[in-house]
Each structure stands twice: as structure tokens, then as C-alpha cells.
Protein chains: 2
Amino acid sequence: MRPQKVLDNDIYSALTKVFRAKGFEGASLNEIADATGLKKASLYHRFPEGKKQMAEAVFNYIEERVEIKIFGALINNTLTPDQRLNESINNIKELYNGGEESCIFRTLSMKVGLELFGSRIKNGMEQWIHHFKELGLAFGQSKEEAKSNAIQNLIDIQGSLIVSEGLKDLTIFENTLKTIKNRYNKG
Amino acid sequence: MRPQKVLDNDIYSALTKVFRAKGFEGASLNEIADATGLKKASLYHRFPEGKKQMAEAVFNYIEERVEIKIFGALINNTLTPDQRLNESINNIKELYNGGEESCIFRTLSMKVGLELFGSRIKNGMEQWIHHFKELGLAFGQSKEEAKSNAIQNLIDIQGSLIVSEGLKDLTIFENTLKTIKNRYNKG
DNA sequence: AATATTTTACCGAACGTTCGGTATTGCCAA
DNA sequence: TTGGCAATACCGAACGTTCGGTAAAATATT
């Protein structure tokens, strides 16, 4: 059989970049074709169900990275809670490229995206909250405290990404990561 | 002269609903025509410069309401700082319809929107921060404290709108408004 | 070892539809 | 009857999608 011109992972990476920046409706197939290096028709060979399947691939791709880099760090029992926190925060910074890259929770949750991927987004957010709640418990917080802190972490990340972009000031995202750290290391 | 079939303010209101839900690229003229009750061609009579001008009108419309309802409340010297805070929070809740409506800072700041309206978004955010900073000063906070609190308010609002939508749980937005209040009424 | 066949990947061209945007005509009130 | 508004019809371009066919490697057959 003929070899692939572009590796799957390179396609996913390019798709992620486009959907993150443009959202579902804003991402055109011509742009996707340019970004991946495949022609439109070839994309339909890789993704027979079309654009929606491409966006699904982005969810899979990102969820896998988040699972490893963030949730994996947060539940790594070989580390102290403080080390887990630090590693996950470092990886968050990396995954969002210091605040330059948007989150698909935002870009794929406009009207149409929410209709298509609403349950994936909801599940994804719940996982973030669940794992951060576990961290809070490991820090000795009460259930209520741990949960509200976890929710606030998610709010902080989403909000600071928007404000950073809007103000064109990445230090806001960085400061938010510090705020999250301070939520567990008080004083 | 012939009277307008649809009042300007009703057009702005409909435009706002569409652009808030769909963003700039996601909002099609056919949908806008349906939402406003005017045909496409009639829209081009009202907005000769087209879609971009329609989005500009949304900015104007929202900025006016924010100016009155939020900034106006925050700088109303006939009220105590605490009353200013309460009134502005109530109006924020109203303007975002309890968390059901998105913010144009979010929906119009995707790639294309940011290119077209980047400076308006930046200015708008800076005004939010400026006015909330003034509130903090009125509460006796230091300059640094007042500013970081103001930024955090904006982050909280943006973030909680996204998380509320994603989790389909409006209590998150409500709780965030309480969090903001507690930022000024400690203990 | 050489040839034929199968299998998979890619691509140019075109599909029907919808996009944002325009002329042109008809309507309506002053 | 004049001037401003709205509606019909329409435009080229771009949209997501599909199709017919080609390129290239793996396998099967001689």
C-alpha cells in the first residue's frame, strides 16, 4: 500500500491549531487543507465523515495529551501533592503555550459547536474538576473546599486565556497560574 | 418618508443575540435577516458597509448598556461603595441573563474577530478593569490590590460564563458574582 | 525474479448549497 | 410626485462534500 504523505499525528496537530484559532464554523476546509498539507479530497479519505470527524479527532488528540500531562500529573502518587501541583501547572502552561493558544472548551463551544460536542465538553470540564478536586483533598481540604477550588481553577484558566488574548498581555495567564498555586499553598 | 419596518434598537438587539451566540464568522446574513425581520438587501440599506458594520453596531449597543448599567453604577457617587458594588453586580447578572448569554469579548475575539475588532475588545476590557479598580480604591484597597482584583473580576466573569455554559449549570455564574462581592466585603 | 493484482493514499475537478453583497423594481407615506 | 424604504431576484465566490481516476507500495502468481 501507498505510504501516507502526512502522519496522523501531524494532521491532528494541524487540525488542533486551526480549530483552536477559528472554532468549528470558522475553520474552512481550504484552510485545513493548507494547514495539514493534504488536499481537501484527501482529507475525506482520512476523515470519511467530514469536518465533524476532524473536530472529533481534535478532541481525542487534546484529551489524550491532557490525560497524560495534566490528569496524570495530578494523580501521580509517587509525587507529593505539592509536586503534583507544580508539574500539572507547568504542563498547563506548556499545553496553552504560555497563554497564546486558546482552549477548545472555548472555541468549540459556540452555538453550533455546543450542539455537536456539548456532551464532550461537559465531560471534559467535569474531568478537570474531578482531578483538581482530588488534589485539593490530598492537600487536606474539605470536600466542599476542594470542589469549589477545582471549579475556580477551571474558571481562572478559561477566563485568563480570554483576558490575556484580549489585552494582548500573557503575564495575565502566568499570574493566574500562580493564583492557582497559591490556592493550595496558603500564606 | 416611509417609516422603518423595524426600529434601530430592535435590530441592534437581534444582531446582538446572533453575534453573541455565533461569533462573527458563524453569524450568516440569512440568519441575521431572520432574526431582525428584515431581508438581506434591507439590511444593506441600514448597514451599507455590511456585516462588519453590523458587528460594530453590536459593540456600540453593548458598550452603551455597559456604560450605563455597570460603569455608571460603579462611579455613582451618590451611593456608598457597597451599594455601587451591589447594583453593578445585579446589572451584570441582568446583562448576561443570569449566565445564559455569552460575552462578545469571547464570541467576537476568535481569530477573525480579533483582527477586525481587537482594539475595541482591548479598550473595552481596559475600561472594565479601570472602573473596577476605582471601586477597589473606594473600598480602601491599595492601587496594586485594586487593580489585581479588577483583573480577577474580569477573569471570573469570562471564565464562569464559559464554565456555566459548558456544564449547563448557571449556579456557577451566580456563585462567581458572589465571589466578586466577597472580594470587597471580606470576612 | 518478474509480472500481475490488490490495496491504500492522494488529487483535480466538479457537485449542490450557501456565503456576503447588489441591481432593480415596487411600495408607501409625506 | 417625490424620496426613502423594503422585497424580489440575482451575482460571483466560497462553502463542505463527492467522484473518477492516478500514484505507489504490498502481496500473489507465475
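Lettering follows sequence order; numbering is per chain, from 1.
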For the pair A:Lys17 and A:Glu101, find out whether any cationic side-chain nitrogen is under 4.0 Å from an anionic carboxylate oxygen. no
Base versus backbone protein contacts along nucleotides 15-24 of chain D [heavy-atom cut-off under 4.0 Å; B, S, -]: SBBBB---BB
Would you call the rings of A:Tyr12 and A:Tyr61 parallel, tilted or perpendicular if under 30° counts as parallel and over 60° as perpendicular? tilted
Is the ring pair A:Phe71/A:Trp128 parallel, tilted or perpendicular, if the boundaries are 30 and 60 degrees? perpendicular
Please state how far atom CG in A:Leu38 lies from atom P in C:dA9, giving the value in whole angstrom units. 11 Å
Would you kindly give the CD-to-C1' distance between A:Gln4 and C:dC11, to the nearest whole Å? 16 Å
Rounded to whole Å, the NZ-C1' distance (B:Lys39 to D:dG4) equals 20 Å
Looking only at side-chain N and O atoms, does B:Ser42 come under 4.0 Å of OP1 or OP2 in D:dC5? no
Spacing of B:Phe47 atom CZ relative to C:dT22 atom C1', expressed in whole Å: 18 Å
What about A:Leu167 and B:Ile121, same hydrophobic cluster or not, with Ile/Leu/Val/Met/Phe/Trp/Tyr joined at side-chain heavy-atom distances under 4.5 Å? yes
Using a strict 4.0 Å threshold on nitrogen-to-oxygen distance, state whether B:Lys178 and B:Glu174 make a salt bridge. no
Measuring to OP1 and OP2 of C:dC10, would you say a side-chain N or O of A:His45 lies under 4.0 angstrom away? no
Measure CG/A:Leu7 against P/C:dT8 and give the value in whole Å, please. 18 Å
Let me have the donor-acceptor pairs involving side chains of residues 108-115 of chain B, under 3.5 Å, with sequence neighbours excluded, atom names and distances please.
| residue | atom | partner | partner atom | Å |
| --- | --- | --- | --- | --- |
| B:Ser109 | OG | A:Arg106 | NH2 | 2.3 |
| B:Ser109 | OG | B:Phe105 | O | 2.6 |
| B:Ser109 | OG | B:Arg106 | O | 3.3 |

